[in-house]
Amino acid sequence: MSSNLEAKKKLVADIQEELKNAKSMVFVDYRGITVAEDTELRKAFRESNVTYKVFKNRLLIKALDGLGITGYDAKNFEGTTAIAFSEDEVAPARIFCETAEKLNKMSVKFAIVNGAIMDKAEVEKLAKVPSKPVLISMLMSVLQGPMSAMARALNEIAKKEA
């Protein structure tokens with residue numbers, strides 16, 4: 001076999017290794033963004049522990065097929081494609097959608113979240129879900145509410161008896 005083919009097989013294996021632990025993968029068309037805008041986008045991804053890379057479409061398709069991920073439309077891999085992936089289900093979608101809305105240049109193609117294929121509309125809905133720390137704080141405040149009310153009620157009863 002040619003060394004070029006071997007190099008491509010190794011690259012596909014490297015892509016698979018990076019993607020296999022990802023819970024969320026968002027694929028976008030990044031055409032039209034400037035270097036400064038791309039740098040800002042990459043910074044936002046780094047701060048959220050999201051990996052952002054550009055691979056050749058054919059290699060990306062081979063890597064996904066090798067991971068057993070099917071059901072996506074091959075037309076999504078026409079033109080430029082960047083991928084953001086993470087163990088956080090929401091972060092890649094949220095950052096891409098916020099950036100695309102602000103720049104009005106990029107567009108989400110599709111996403112794969114926990115093995116499920118999502119179209120652009122579903123990705124935009126996912127992007128509106130609050131981040132994990134915000135969701136945890138919301139849950140904690142909901143759980144804390146009844147306990148606080150009970151403590152206040154018991155305190156009032158104690159004041160009346162005294």
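Numbering of residues begins at 1 and proceeds along the displayed sequence.
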Taking the side chain as everything from C-beta on, heavy atoms only, tell me whether Ile112 gets closer than 4.5 Å to Met118.
no
Would you call Phe96 and Leu41 a side-chain contact if the rule is heavy atoms closer than 4.5 Å?
yes
Presence of salt bridge, Arg31 and Asp29, under 4.0 angstrom:
yes
Given side chains that start at C-beta, do those of Lys56 and Phe77 come closer than 4.5 Å, heavy atoms only?
no
Do Phe85 and Phe45 make a side-chain contact, defined as non-hydrogen atoms from C-beta onward lying under 4.5 Å apart?
no
Which atom names give the shortest non-hydrogen contact between Ser86 and Asn49, and what distance separates them?
OG-O, 3.5 Å
Leu103 and Ile33: CA distance, side-chain angles, deciding distance, side chain to side chain contact (heavy atoms under 4.5 Å, CB included) verdict:
CA-CA 8 Å; Leu103 300 178; Ile33 65 172; 4.0 Å; yes
Would the number of heavy atoms belonging to other residues, nucleotides or ligands and lying under 6.0 Å from CZ of Arg58 be above 12?
no
Compare all side-chain heavy atoms of Cys97 with those of Glu101 and state whether any distance is below 4.5 angstrom.
no
Tell me whether Val28 shares a hydrophobic cluster with Val90, the cluster being built from Ile, Leu, Val, Met, Phe, Trp, Tyr side chains joined at under 4.5 Å.
yes
Side-chain donor/acceptor of Lys109 to backbone N/O of Asn76, under 3.5 Å:
yes
Using the benzene-type ring in the case of Trp, are the ring centres of Tyr30 and Tyr52 under 6.0 Å apart?
no
To the nearest 0.5 Å, what is the distance between CG (Leu19) and OG1 (Thr51)?
9.0 Å
Straight-line distance of Met106 CE to Asn104 CG, nearest 0.5 Å:
11.5 Å
Just how far is it from atom CG of Leu143 to atom CE of Met147, taken to the nearest 0.5 Å?
6.0 Å
Measure the shortest side-chain to side-chain distance between Ile83 and Met25 over non-hydrogen atoms and say whether it is less than 4.5 angstrom.
yes
Heavy-atom closest pair, residues Asp88 and Ser24
O-CB, 3.4 Å
Nearest atoms (heavy-atom pairs only) where Ile69 meets Asp65
O-OD1, 3.7 Å
Is there a donor-acceptor pair closer than 3.5 Å between any side-chain N or O of Glu122 and the backbone N or O of Asp119?
yes
List the steps, then state whether salt bridge (Lys or Arg N to Asp or Glu O under 4.0 Å) holds for Glu156 with Arg152.
CA-CA 6 Å; Glu156 289 300 317; Arg152 283 192 299 272; over 6 Å; no
What I'd like to find out is whether the side chain of Thr81 reaches to under 4.5 Å of the side chain of Val54, using heavy atoms alone.
no
Using side chain to side chain contact (heavy atoms under 4.5 Å, CB included), reason through Lys62 and Lys9 one step at a time and then give a plain yes or no.
CA-CA 9 Å; Lys62 285 187 183 288; Lys9 283 184 178 181; over 6 Å; no
So that I know where these two stand, are Tyr72 and Phe27 an aromatic pair - ring centroids less than 6.0 Å apart?
no
Taking the basic N atoms (NZ, or NE/NH1/NH2) and the acidic carboxylate oxygens, is any pair closer than 4.0 Å for Lys102 and Glu37?
no
I need the minimum non-hydrogen distance between Thr70 and Ile117, along with the two atoms involved.
O-CD1, 3.9 Å
Nearest 0.5 Å please: distance from the NZ atom of Lys23 over to the CD atom of Glu89.
5.0 Å
When rounded to the nearest 0.5 angstrom, what distance separates CD1 in Ile95 from CD in Glu47?
8.5 Å
Can you tell me how far apart CG (Asp14) and CG (Leu59) are? Round to the nearest 0.5 Å.
10.5 Å
Side-chain heavy atoms nearer than 4.5 Å, only ILVMFWY residues, links allowed to pass through others: does that put Phe110 and Ile15 together?
yes
Could you tell me whether the side chain of Val113 reaches within less than 4.5 Å of the side chain of Leu126, counting heavy atoms only?
yes
Give the minimum heavy-atom separation between Gly32 and Lys105, together with the two atoms involved.
O-CD, 3.1 Å
Please report the closest heavy-atom contact between Gln16 and Gly66, naming both atoms and the distance.
NE2-CA, 3.0 Å
